[in-house]
Amino acid sequence: AKPKKKKVDYDLIVQKLREGPLTFSQIKALAGVSHHGVSQVITTLSLHYPIYEAARGLYKLYGADDYGDGIKHSLLKNDADEW
């Protein structure tokens, strides 16, 4: 008999991504999938949410002020306003 498949809680993963970046291992633990299943979870998430790999094995959601380059543009803008 095949083992019963566990349903992945994508809403929980997205909620955690909104709080900050997640590593490959954290996504694996939250999804409850094997090492090889994580890329499928990330692919499924990317169909509905703007998720990207910020660094090797570190995943983020694009925010309103996030260009995906690792620079905090909002801080740069605030510094420029002070000049």
Side-chain angles (χ1 to χ4, degrees):
K2 286 185 177 181
K4 190 173 181 180
K5 288 186 178 181
K6 179 185 174 194
K7 185 171 178 173
V8 175
D9 188 351
Y10 291 103
D11 292 332
L12 174 65
I13 297 170
V14 170
Q15 176 187 343
K16 294 293 183 182
L17 280 166
R18 286 188 175 131
E19 294 171 10
L22 293 176
T23 64
F24 185 93
S25 299
Q26 289 171 318
I27 294 172
K28 178 181 171 186
L30 288 169
V33 296
S34 70
H35 182 81
H36 300 291
V38 176
S39 45
Q40 184 176 353
V41 169
I42 292 167
T43 299
T44 301
L45 282 172
S46 71
L47 296 173
H48 303 282
Y49 299 95
I51 186 173
Y52 70 101
E53 190 172 20
R56 184 177 167 97
L58 185 69
Y59 297 88
K60 291 179 70 175
L61 286 176
Y62 278 108
D65 193 29
D66 190 354
Y67 296 90
D69 55 9
I71 298 171
K72 295 188 185 292
H73 292 269
S74 60
L75 294 178
L76 293 175
K77 183 181 181 311
N78 291 341
D79 287 345
D81 290 345
E82 292 175 6
W83 291 40

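The model shown is predicted, which means the values in this text are computed figures rather than measured ones.
Interatomic distance, CD1 of I51 versus NZ of K60, reported as 11.5 Å (0.5 Å rounding). Residue Y59 holds its OH atom at 6.5 Å from CD1 of I27, rounded to the nearest 0.5 Å. Taken to the nearest 0.5 Å, the CG atom of L30 stands 5.0 Å off from the CG atom of L12. Atom OG1 of T23 sits about 13.0 Å away from atom CZ of R56, to the nearest 0.5 Å. Between L45 atom CG and Y10 atom OH the span is 6.5 Å, to the nearest 0.5 Å.
Of the possible polar contacts, none joining the Q40 side chain to the G37 backbone as a donor-acceptor pair under 3.5 Å is found.
P21 and L58 get closest at one heavy-atom pair: CB-CD1, 3.8 Å. Across all non-hydrogen atoms, the minimal contact from A31 to I13 is CB-CD1, 3.9 Å. When all heavy atoms of A55 and E53 are compared, the pair lying nearest together is O-CG, 3.0 Å.
Of the residues listed (V38, V41, L22), the one engaging K28 in a side-chain contact (heavy atoms from CB on, under 4.5 Å) is V38, and it is the only one.
The aromatic rings of Y62 and Y52 sit parallel, their planes meeting at an angle under 30°, below the 60° perpendicular limit.
The aromatic ring centroids of F24 and H35 lie less than 6.0 Å from each other.
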